[in-house]
Amino acid sequence: ILLLDKWIEVSDNRNKDRIEPLIKIVGYEGDAEERKELLHYLCSLFDEETQQIDGNFSPVEIIRYFIWINWLNGVLTVINKYPIVTKTLDLYTDIMGYFLSAVGRRCNLTTMSTVIQNEPDLLEHV
């Protein structure tokens with residue numbers, strides 16, 4: 001996952017055509033199936049042809065998978081692309097500050113604005 005973090009930082013790598021060849025070269029030894037599954041989710045996320053998630057995976061399913069494997073950059077990548085998905089995370093208000101800090105550091109301003117707009121209870125007493 002550390003290599004994937006660095007690889008995904010390059011904007012040219014964030015498309016389906018760059019990810020699909022990786023799926024083919026992963027191999028069959030050890031945890032190859034888990035790596036292929038991760039790459040399939042990532043490939044679906046960056047499907048530029050349809051500009052939407054592949055019918056096999058929803059943004060919610062992808063973000064939950066990335067949470068399950070503890071891939072923070074993957075989670076933030078999904079949030080940056082689909083900020084509305086944060087509403088499905090059911091985060092407690094007391095950890096929302098940490099969450100917003102992470103989103104603010106890794107995502108663009110439009111994403112941050114959308115996330116805050118979707119959490120009106122955060123601004124309730126402001």
Side-chain angles (χ1 to χ4, degrees):
I1 288 185
L2 293 174
L3 267 171
L4 195 55
D5 278 342
K6 287 296 183 188
W7 187 80
I8 207 80
E9 285 178 7
V10 179
S11 61
D12 288 346
N13 291 338
R14 287 184 236 141
N15 68 60
K16 184 178 180 177
D17 295 331
R18 299 284 289 184
I19 299 168
E20 282 180 334
L22 294 177
I23 295 171
K24 294 175 183 163
I25 64 170
V26 165
Y28 298 98
E29 293 84 32
D31 60 352
E33 287 304 313
E34 292 171 8
R35 288 179 287 183
K36 284 182 181 179
E37 185 175 21
L38 169 62
L39 292 171
H40 279 294
Y41 277 110
L42 204 55
C43 190
S44 179
L45 183 63
F46 293 122
D47 187 352
E48 295 296 328
E49 291 173 4
T50 61
Q51 284 294 314
Q52 58 186 339
I53 291 281
D54 183 328
N56 297 327
F57 305 111
S58 72
V60 174
E61 184 179 352
I62 293 171
I63 201 167
R64 288 179 192 254
Y65 177 77
F66 291 164
I67 290 169
W68 181 70
I69 64 169
N70 294 318
W71 188 32
L72 179 61
N73 285 334
V75 170
L76 293 172
T77 301
V78 175
I79 290 170
N80 200 35
K81 197 159 174 90
Y82 300 96
I84 194 75
V85 79
T86 59
K87 202 69 175 148
T88 65
L89 297 177
D90 296 325
L91 297 173
Y92 293 111
T93 306
D94 55 341
I95 64 157
M96 200 50 113
Y98 299 110
F99 173 73
L100 291 175
S101 174
V103 170
R105 280 181 278 149
R106 294 277 298 145
C107 298
N108 62 43
L109 189 56
T110 306
T111 298
M112 186 67 162
S113 174
T114 303
V115 168
I116 291 172
Q117 288 172 1
N118 287 323
E119 297 292 342
D121 51 323
L122 289 176
L123 303 173
E124 189 173 289
H125 300 292
V126 177

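By convention here, the first residue in the shown sequence is residue 1. Note: hydrogens, waters and symmetry copies are ignored here, and every other heavy atom, side chains too, is used.
- To the nearest 0.5 angstrom, Phe66 atom CZ is 5.0 Å from Leu42 atom CG.
- Taken to the nearest 0.5 Å, the CD1 atom of Ile63 stands 13.5 Å off from the NZ atom of Lys81.
- Qualifying side-chain hydrogen bond (donor to acceptor under 3.5 Å, both in side chains) partners for Thr77, counting only residues two or more places apart in sequence or in other chains: none.
- For Ser101, the side-chain hydrogen bond (donor to acceptor under 3.5 Å, both in side chains) partners at least two apart in sequence or on another chain are Arg105.
- Partners of Leu72 by side-chain contact (heavy atoms from CB on, under 4.5 Å), not counting sequence neighbours, listed by chain and number: Leu76.
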Leu89/Phe99 under side-chain contact (heavy atoms from CB on, under 4.5 Å): CA gap, chis, key distance, verdict: CA-CA 11 Å; Leu89 297 177; Phe99 173 73; 4.3 Å; yes
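- Residues meeting the side-chain contact (heavy atoms from CB on, under 4.5 Å) test with Glu34, sequence neighbours left out: Asp31.
- Distance CG/Asn73 to CG/Asp5: 4.0 Å, rounded to 0.5 Å.
- None of Val85, Ile84, Ile79 except one satisfies the side chain to side chain contact (heavy atoms under 4.5 Å, CB included) rule with Pro59; the exception is Val85.
- With sequence neighbours left out, Arg64 forms a side-chain hydrogen bond (donor to acceptor under 3.5 Å, both in side chains) with no residue at all.
- No side-chain donor-acceptor contact under 3.5 Å links Ser44 to the backbone of Tyr41.
- Between Glu9 atom CD and Arg106 atom CZ the span is 6.0 Å, to the nearest 0.5 Å.
- The minimum heavy-atom distance linking Met112 with Leu100 is given by the pair CE-O, 3.3 Å.
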Working for side-chain contact (heavy atoms from CB on, under 4.5 Å), residues Leu4 and Leu38: CA-CA 10 Å; Leu4 195 55; Leu38 169 62; 3.5 Å; yes
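- There is a path of hydrophobic side-chain contacts, each under 4.5 Å, that joins Val75 to Trp68.
- Applying the side-chain hydrogen bond (donor to acceptor under 3.5 Å, both in side chains) test to Asn80 and every residue at least two apart in sequence or in another chain returns Asn108, Thr111.
- Using a 4.5 Å heavy-atom cutoff, the side chains of Arg14 and Ser11 are in contact.
- Residues Leu91 and Thr86 fail the side-chain proximity criterion, which asks for heavy atoms closer than 4.5 Å.
- When Ile116, Val115, Thr114 are each tested for a side chain to side chain contact (heavy atoms under 4.5 Å, CB included) with Asn118, only one passes: Thr114.
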